[in-house]
Novice: 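One structure follows; several queries about it will come next.
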Amino acid sequence: MNKMWAGRQTKETDKIADDFNSSIHFDSRMYRQDITGSIAHATMLAHRGIISNEDKEKIIEGLTGILGDIESGKLPFDLEAEDIHMFIEGELTARIGDAGKRLHTARSRNDQVAVDIRLYLRDEVTIVIEMVKELIDALASQAEANKRTIMPGYTHLQRAQPIVFGHHLLAYCMMLIRDVTRLEDAVARMNYSPLGSCALSGTTYNTDRRMTAELLGFDGIMENSMDGVSDRDFCLELMSAFSIIMMHLSRLSEEIILWSSWEFSFVELDDAYTTGSSIMPQKKNSDMAELVRGKTGRVYGDLVALLTVLKGLPLAYNKDMQEDKEAVFDSLDTVKKCVEIFIPMIKTMKVKADNMYRAACRGFINATDLADYLVASKGMPFRTAYKITGGIIGYCIEKGKILDDLTVEEYKSFDENFDEGVYEAISLENCIARRISEGSTGYASVDGQIEYVKKFLGK
Ligand code: ARG
């Protein structure tokens, strides 16, 4: 009976139960945070005279040695140990004896694990934020290179109005900027220490929770010990933010897949981020983008899995909560992989500006501008102008023409107000240039958006 938690038990657990119960194969990744948390805890225990300074020194030395040995590969994780917390405490006690057994005074694995996950996610989210910023930077560079590249903008996947490609990409920059702030908000709410909540009700020892909170870089302590050990809403918040990032990447993936098709031919991905077919030699498939789109479902699934795990749990800790880690880690890992692949894929993407322009010339995307011309220069009510324009489009379709092909006489046959000025009004370049509203696809607005993004990135 060598289990650290074996109090009243008189019998060994079944091997199958041990395996089923064990979490070390997925929580071992928190070894560093577990050690950091324990060092802070031991420091506080000694400060409050709950353990001796001598024991504290031994504990810190032992834990530091363990950390070094894990990182150098000298100390492999013992998969028989139930979880990372047991593994490290067991190893510490094996190394320093009784002092190691004092570390768990005024602490429980319940608050220990709650601290570890927070510390781990705090570190990881910092990395994710940097990665997303790099992706924003890559998109902004493409946007800048294409701030004058005219293409059709779509609604209902039907050509709608002319835009510049830069404007389209900047839309994604703005979404990803919000994603960054969402992650920052979630971390700010998460950054309170549950340490010292102990099993659920706090402790009879004269601990100093604020001291450990400060040592660990938390902004304060969790005010309620039961909340401290029961709450996983910080995981859910991060997973929601991850899901939204994935939703954004998935939409962009879908567009990249469409744009790469022969039907659109608006962009070409670098060979390094595409695959061929084992049977069709002509194929160049956007597998990376497709996988990102696919993995979005997986990240949503992780979120729903944890929401479902938590929904019926009575306070405080229940072992169900061990399921939090696989979900949150999988969602984190997946987002990191997807952002990682997206950055070079966007950086190396070739834009086929000529094809975009050609597409912009078809589909009557300057029809709104034709109606606006009648309104602005002829004082016609918009609804009337809209109707007349609709008639002209019908005529063009019938004749196989585009608006730019019609003669002034043809225009005049629809309304006598038409004159030579119509051509200038509907030229695609002018359609863009005349979009002067803030946030529009107009040149000044797009330049301003690029500045906005650069400022956000601190450039
Ligand atoms: N491995 C456990 C988890 O991840 C640690 C907490 C165990 N606490 C307990 N009372 N059994 O949730």
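All ligand and atom numbering here is 1-based and tracks the order in the structure. A quick note: this is a predicted structure, and the numbers were derived from the prediction, not measured. Residue numbers start at 1 and run along the sequence shown.
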Novice: Answer yes if the ring centres of F77 and F87 are under 6.0 angstrom apart, and no otherwise.
Specialist: yes
Novice: Measure the distance from atom 8 (N) of ligand 1 to every protein heavy atom, then report the residue, atom name and distance (to 0.1 Å) of the closest one.
Specialist: N110 OD1, 2.9 Å
Novice: So is K133 actually on top of F456's ring, under 6.0 Å and inside 45° of the axis?
Specialist: yes
Novice: So, D320 and R232, do they make that salt bridge, N to O below 4.0 Å?
Specialist: no
Novice: Tell me whether R118 forms a cation-pi arrangement with F218, defined as NZ or CZ under 6.0 Å from the six-membered ring centre and within 45 degrees of its axis.
Specialist: no
Novice: Using a 3.5 Å cut-off on N or O atoms only, is K319 in polar contact with ligand 1?
Specialist: no
Novice: Between K325 and ligand 1, which part of the residue brings a heavy atom under 4.0 Å of the ligand: side chain, backbone, both or neither?
Specialist: side chain
Novice: Show which atoms of ligand 1 fall inside a sub-4.0 Å distance from at least one heavy-atom site of Q322.
Specialist: 1 (N), 2 (C), 3 (C), 4 (O), 12 (O)
Novice: What protein heavy atom lies closest to atom 11 (N) of ligand 1? Include the residue and the distance to one decimal.
Specialist: R109 NH2, 3.6 Å
Novice: Considering distance alone, does some N or O of D324 sit under 3.5 Å from an N or O of ligand 1?
Specialist: no
Novice: Find all atoms of ligand 1 within a distance of less than 4.0 Å from any non-hydrogen atom belonging to S23, and give their numbers and elements.
Specialist: 1 (N)
Novice: Between K3 and E82, does any side-chain N to carboxylate O distance fall below 4.0 Å?
Specialist: no
Novice: Just need the protein heavy atom nearest to atom 5 (C) of ligand 1, so name the residue and atom and give the distance.
Specialist: D83 OD2, 3.5 Å
Novice: How far is atom 12 (O) of ligand 1 from its nearest protein heavy atom, and which residue and atom is that?
Specialist: Y317 OH, 2.5 Å
Novice: Looking at F364, I'd like to know if the NZ or CZ of R159 sits under 6.0 Å from its six-membered ring centre while staying within 45 degrees of the ring's axis.
Specialist: no
Novice: Have a look at H168 and tell me which of F266, W259, Y154 forms a ring-ring contact (aromatic ring centres under 6.0 Å, His included) with it.
Specialist: W259
